[in-house]
2 protein chains.
Amino acid sequence: MAVAILLLKMIEFQFYFQKLSAEVYIGIIGVLFTLVGIWAGQRIARKRKMQQGIQQGEFKLDEEALLRTGISKREIEVLEWMARGLSNQEIADTLFVSLNTVKTHTASLFLKLDAKRRTQAIQRAKDLRLIP
Amino acid sequence: MAVAILLLKMIEFQFYFQKLSAEVYIGIIGVLFTLVGIWAGQRIARKRKMQQGIQQGEFKLDEEALLRTGISKREIEVLEWMARGLSNQEIADTLFVSLNTVKTHTASLFLKLDAKRRTQAIQRAKDLRLIP
DNA sequence: AGTTGATTCATACTTTTGGGTGAGGGATTG
DNA sequence: CAATCCCTCACCCAAAAGTATGAATCAACT
């Protein structure tokens, strides 16, 4: 901006001493400031895009879908491990519960996600943005 | 742009008949064209982003990973249906082969993807960009 | 012509997963 | 305090998935 003003003064100088017409002078100013504006506009847009980019990269759980399906916290935990490829027994070990407990959770999940298999449940959950 | 020039003419009119100083006139022009520039710059940025967005959304198979793992075309097919949540029997029906054939393909996939379960295989395949 | 790899299928067996049901304890809420 | 929901666990049975091995066919490459 400072550079622009400086240039403006120089042009103004020429305006008085070299008798450039007012129209040319105005035109130069217009072009100059338009360019400055374009530059500023792109900077603003880029900054906005960066902020959006971070949000896109991160996963945000869809709370609305959670309530709609009625899936509990524990069930989401099981779902997450399931999606990572763990077996029921492995999930049971990581969550410190019995295999039967994990089975009940998965059965409940299949019901709430309208899935017949764990692979299907994972697919549905991703569509509903319950897991990344 | 046309509107801007029109405004300019109006201001020019006032310049001559209301004796505004040249500095104020120049300032108004500068601000006006800066705003026009910002508007144009953001439009350009938005258009660029849209084009990028389309490319991001599309899936591109990682050929290199395919060769590295040595997974065949048929196996990829099985993998894709598997990831969509189909059972082995359902995959067999859609590909018009027997259940046993699908089992051999899946077994081969687990070996090549270093997975113990289908859920794990799907996860690995997504990481390797073999499936979307 | 022989080798190799992909695809297909089979049989037999084990493990995992899923379905159904019941039930006890804990937290919350009307 | 009764009702409800969540979490926990158990048992049984059926279905699906996974493991191991062998084998036939076919296309491509040497």
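Convention: sequence-line order gives letters A, B, ...; per-chain numbering from 1. Atom set for the values below is all heavy atoms of this structure, side chains included, hydrogens, waters and symmetry mates excluded.
Atom CD of B:Gln120 and atom C1' of C:dT17 are 16 Å apart (whole Å). A:Phe96 has its CZ atom 12 Å from the P atom of D:dC9, to the nearest Å. As rounded to whole Å, 14 Å separates atom P of C:dT15 from atom CZ of B:Arg117. If you measure from atom NZ of A:Lys116 to atom C1' of D:dA14, you get 16 Å, rounded to the nearest angstrom. Between the CD atom of B:Gln89 and the P atom of C:dG18 there is a distance of 17 Å, rounded to whole Å. Between the CD atom of B:Glu77 and the C1' atom of C:dT7 there is a distance of 12 Å, given to the nearest Å. A:Met82 places its CE atom 14 Å from the P atom of D:dA17, with the value rounded to the nearest Å. Regarding B:Ile91, its CD1 atom lies at a distance of 13 Å from the P atom of C:dT8, rounded to whole Å.
Annotation: the span from A:Leu113 atom CG to A:Glu75 atom CD amounts to 9.0 Å, rounded to 0.5 Å.
Residues B:Arg117 and A:Glu90 form a side-chain contact, since some pair of their non-hydrogen atoms from C-beta on lies under 4.5 Å apart.
Here the nucleotide nearest the side chain of A:Ser87, chosen from C:dT11, D:dA16, C:dT16, is C:dT16. Of the candidate nucleotides D:dA17, D:dC7, C:dC9, D:dC7 has the atom nearest to the side chain of A:His105. Of the candidate nucleotides C:dG19, C:dT8, D:dA17, C:dT8 has the atom lying nearest to any side-chain atom of B:Thr101. The listed nucleotides are C:dT16, C:dT7, D:dA17; the one nearest the side chain of B:Arg74 is C:dT7. The listed nucleotides are D:dC11, C:dT17, D:dT19; the one nearest the side chain of B:Phe110 is D:dT19. Nearest to the side chain of B:Lys103, among D:dC11, C:dT17, D:dG18, sits D:dG18. Closest to the side chain of A:Thr104, out of C:dT17, C:dC9, D:dA10, is D:dA10. Of the listed nucleotides (C:dG18, D:dT8, D:dG18), D:dG18 has the atom at the smallest distance from the side chain of B:Arg118. Here D:dC11 is the nucleotide among C:dT11, D:dC11, D:dT8 with the atom lying nearest to any side-chain atom of A:Asn100.
Toward the 5′ end of DNA chain C lies the nearest nucleotide of B:Leu99, the other residue of the pair B:Leu99 and A:Asn88 mapping further downstream.
B:Arg129 CZ: 12 or fewer foreign heavy atoms inside a 6.0 Å radius. By the neighbour-count criterion of 12 heavy atoms within 6.0 Å, atom NZ of A:Lys116 is sparsely surrounded, having that number or fewer from other residues, nucleotides or ligands.
Side-chain N/O atoms of B:Ser72 include one lying less than 4.0 angstrom from OP1 or OP2 on C:dT7.
Side-chain N/O atoms of A:Asp127 and A:Gln123 include no donor and acceptor closer than 3.5 Å.
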